[in-house]
Amino acid sequence: MNETYLDELNEIQRQAVTATDGPLMIVAGAGSGKTRVLTYRIAHLIRLGVDPFNILALTFTNKAAREMKERIGRIVSKGEARNIWMGTFHSVFARILRAEAEKLGYPSNFTIYDTEDSKSLLKTILKEQGLDEKVYKPAMVLSRISAAKNNLISAQAYLQNNTVIEEDRMSGKPKMGIIYEQYSKRCFKAGAMDFDDLLFNTNILLRDYPEVLNKYQDKFRYIMVDEYQDTNFSQYVIVKQLAAKFQNICVVGDDAQSIYAFRGANIQNILSFERDYPDLKTVKLEQNYRSTQHIVKAANAVIKNNREQLEKNVWTANADGDKIGLMKAATDNEEGQLVARHIFEIKMQHQLHNSDFAILYRTNAQSRSMEEALRRLNIPYRIYGGTSFYQRKEVKDMLAYYRMCINPHDEEALKRIINYPTRGIGDTTLDKITIAARDNDVSLFTVCENIAEFGLQVNSGTVQKIQDFVAMIKSFGVMLEVQNAYDLGHHIASHSGLLRELYSDKTPEGVSRYENVQELLNGLKEFSDGENAPPIDLVEQNDPELQRIELEQQAELQDDINAGPLRTLDQFMQDIALLTDADTKAPDADTNKVSLMTIHAAKGLEFGYVYIVGMEENLFPSALSVNSRADLEEERRLFYVAITRAEKRCMLTYASTRYRWGNLTTCEPSRFIEEIDTDYMEYANSAARSEFGGGGVPASPLFQRRAAQQGAATPQVNVSSGPAPKKNLVKVASTVNTPTAPLDNSHLKSLAVGMTVQHDRFGRGKVVELEGAFPNTKATVHFDGSGQKQLLLKFAKLEIVG
DNA sequence: GTGTAATGCTATTGG
DNA sequence: AGCATTACAC
């Protein structure tokens, strides 16, 4: 065992590592060695004699868990490290739920629905309820349901909650509760849980089964939660429950890096934590080891614009380094070229690897122009995020067969494959099956099994086809326990006809789809052949259920010895839905590539050289965030996260035009650029220099423009805010720079025919006609003075007067 | 029921 | 621009 690990820590880090018992909160500034503290803390616990089986560590990604385990293994031993329960909330509690599923009326091999499955189910329900998909947008409905679950509001409670009923009525969606209820019912009937159910049902389990709670409290004597700022209420309650007995709970987080409020993450959890544990010990890690002076200072300058934050002083002893670089491009494509060329030059100049570079953006759609430019310069890159391997259509189709053979009641899987490849069971038949299933409160598969009993009105040919399908699925099902994952997986691929279907498509896309399924089969092969259980240190464990999952957990982590128990398809499928792109291992061994990802995906990572692209208003900060302080502050934290990913150098870029929705839009530099002190900024191309730099010029065009906008919105500001911008200057600036920028005209959403409006130039008028969806609505207005005009609502300077 | 052509909608962020 | 749903011919 490596005994020197404590010497590698600074005084405060050491405190965090050695304060093993009782509640502890570690406020960890960006780059302050948080991961090191966590790993050493766990290693230290083990060294002090704590059984790894009694340690639970919850991380934000599975990849983080894997890496941490590896590092712990190097300090203690590999065998001990693998016994720690470590993973994301979702994967850890999915495992526990599988062990305890029967208590909740679920099968232990329940399916995990991903977002696509959830939305597809919602669409079915909307259709059944005769509701308009335009009003009840599936994504929106799902996020509403998700928010309810994350706040531990069941469908029943939802239907009786006056607050939400009122909210839904006000937003014109009174049926939301019914949809939620139906959705829950259908998931249950299909033996399926969605992502939020994994946490929600864990809460139900711990709430309603004291003996289960007790068991896991005793098991998890030491609990650690990483990225605590990004946990939601549901997760908070789980942790609180589990830690209630021993109170050995350590949370690590940084409020400045909370970027998942949109998903229900709640900064309150940190504050509640202080309230829940009066004898809480708090440790603040403030020394940054990652980045240069300039990067740390720039990041601090940005984050201090947020009103809500814990007091913290992040500093570094590192060298000044380069300043934050700013580059302006004319178009999004040129932005890509600018970045690619910059990477190329820096790489040559300093003899660096491609993997030293990362390009970070706000939205996935921005990757395209970057990819093109990198490809042109032959710079290898890898995109993280986006659709993961397991979400590709052809892979999901294959997985749907696997899912059905494990859990035939899986409704979404059935809908995908009952007619793919085509076998003459079309929409009409499927509709009939769906209706019968709903009316009799059974699963779709049950109806298919007993067509006559449910009185399905279909012709005999169709009956035969359905029976063949059922027989096929059943024939796969019986092989589950006797065949390994690959053999069965391959058998299904060929006997379902899916492999043949894909093979017959010789288009390049078709070939690639075929290859992806082959790749999936390769994965199965590796899983099946792989690495089986070394002799397991048998632990004292009274609960056979618990022991079984312990064994399974070990089986999953085997890397050493061959031969052993059969590795089956249902084991492989267990938490496929929980794997993200980052967890999917790179298909090729070559890891020397530039990384491209969203800023969200970059959380917890670090790179020598970071490019933050698309620094534009309405993109970053996102257009949807600029109207609320809380949302804007989250965007700013996101920017803070982005900057602090960089070790050596951070470059910002923006474009003045960009294609969005297929048409060209004019862009304005992000307000965040101005929040960085000019002392830490360097204008790295002439376009940026002329817009921002200009040495002694007091007010950049950008500043004038913004001041003008603020002045217009809040006239009283003009009085106290120094030299008021000159009217004529303002006008020139705004017409030159933003000739066609859409206005925020959300107040015109409610505009209706017959209303009276007031226009800047045309005066008073009456709305004659409205055409198209907001904000692209075209309005025909008859003005008292100047006659009939057509106006686009997103550009029109209109006010409603009556 | 199946296959193709035209239409329409969309793009925060993710386990 | 790219994808999913819909409309329509077979």
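Each chain gets a letter, A, B and so on, in the order the sequences are listed, and its residues count up from 1.
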Discussion item. Does atom OH (A:Tyr420) have a neighbourhood of more than 12 heavy atoms from anything else shown, all under 6.0 Å?
Written reply: yes

Discussion item. For A:Asn150 and A:Leu624, find the nucleotide of DNA chain B closest to each by heavy atoms; which residue's nucleotide sits nearer the 5' end?
Written reply: A:Leu624

Worksheet item: Would you say A:Asn663 reaches C:dA1's phosphate, i.e. side-chain N/O to OP1/OP2 under 4.0 Å?
Response: no

Worksheet item: Can A:Arg375 and A:Glu372 be counted as an ion pair, charged N to O under 4.0 angstrom?
Response: no

Discussion item. Suppose we call a contact any N or O donor and acceptor under 3.5 Å apart; does that hold for the side chain of A:Asp196 and the base of B:dG15?
Written reply: yes

Item to complete: Check whether any side-chain nitrogen or oxygen of A:Asn419 sits under 4.0 Å from OP1 or OP2 of B:dT2, and answer yes or no.
Response: yes

Fill in: Phosphate-side-chain proximity, A:Lys603 and B:dG14, N/O vs OP1/OP2 below 4.0 Å
no

Practice prompt. Kindly point out which of B:dT13, B:dT12, B:dG15 is positioned nearest to the side chain of A:Arg263?
Written response: B:dG15

Discussion item. Checking contacts here: which listed nucleotide (B:dG15, B:dG3, B:dG14) is nearest the side-chain heavy atoms of A:Thr422?
Written reply: B:dG3

Worksheet item: If only side-chain N and O atoms of A:Asn232 are considered, is one of them under 4.0 Å from the OP1 or OP2 phosphate oxygen of B:dG15?
Response: no

Item to complete: Indicate, with a heavy-atom threshold strictly under 4.0 Å, whether A:Tyr260 touches base, sugar-phosphate, or nothing.
Response: sugar-phosphate

Discussion item. With a 4.0 Å limit, can you tell me whether A:Ser91 has a side-chain N or O closer than that to the phosphate oxygens OP1/OP2 of B:dG15?
Written reply: no

Worksheet, complete the sentence: Scanning both residues in full, the closest heavy-atom pair of A:Ala413 with A:Asp410 reads N-OD1, 3.0 Å

Discussion item. Testing A:Tyr361, A:Tyr654, A:Phe639 one by one against A:Phe620 for a ring pair (Phe, Tyr, Trp, His ring centres under 6.0 Å), which residue passes?
Written reply: A:Phe639

Worksheet, complete the sentence: Closest to the 5' end of DNA chain B, once A:Lys137 and A:Thr598 are matched to their nearest nucleotides, is A:Lys137

Practice prompt. Side chain of A:Thr363 only, please: which of B:dT13, B:dG14, B:dG1 is the nearest?
Written response: B:dT13

Worksheet item: Just wondering, are more than 12 heavy atoms of other shown residues or ligands nearer than 6.0 Å to CG in A:Asp132?
Response: yes

Worksheet item: Expressed in whole Å, how much space separates the P atoms belonging to C:dT6 and B:dA11?
Response: 16 Å

Worksheet item: Reckon A:Asn364 touches a base, only the sugar-phosphate, or nothing at all at heavy-atom distances under 4.0 Å?
Response: sugar-phosphate

For nucleotides 3-7 of chain C, which of its nitrogen or oxygen atoms have a protein nitrogen or oxygen under 3.5 Å away, and what is each distance?
| from | atom 1 | to | atom 2 | distance (Å) |
| --- | --- | --- | --- | --- |
| C:dT5 | OP1 | A:Lys123 | NZ | 2.9 |

Fill in: Phosphate OP1/OP2 of B:dG15 contacted by A:Thr115 side-chain N/O (<4.0 Å)
no

Discussion item. More than 12 heavy atoms of other residues, nucleotides or ligands under 6.0 Å from NZ of A:Lys173: yes or no?
Written reply: yes

Worksheet item: Given side chains that start at C-beta, do those of A:Phe195 and A:Thr115 come closer than 4.5 Å, heavy atoms only?
Response: yes

Item to complete: Mark this stacking check for A:Phe262 against B:dT13 as yes or no, applying ring centres under 5.5 Å and ring planes under 30°.
Response: yes

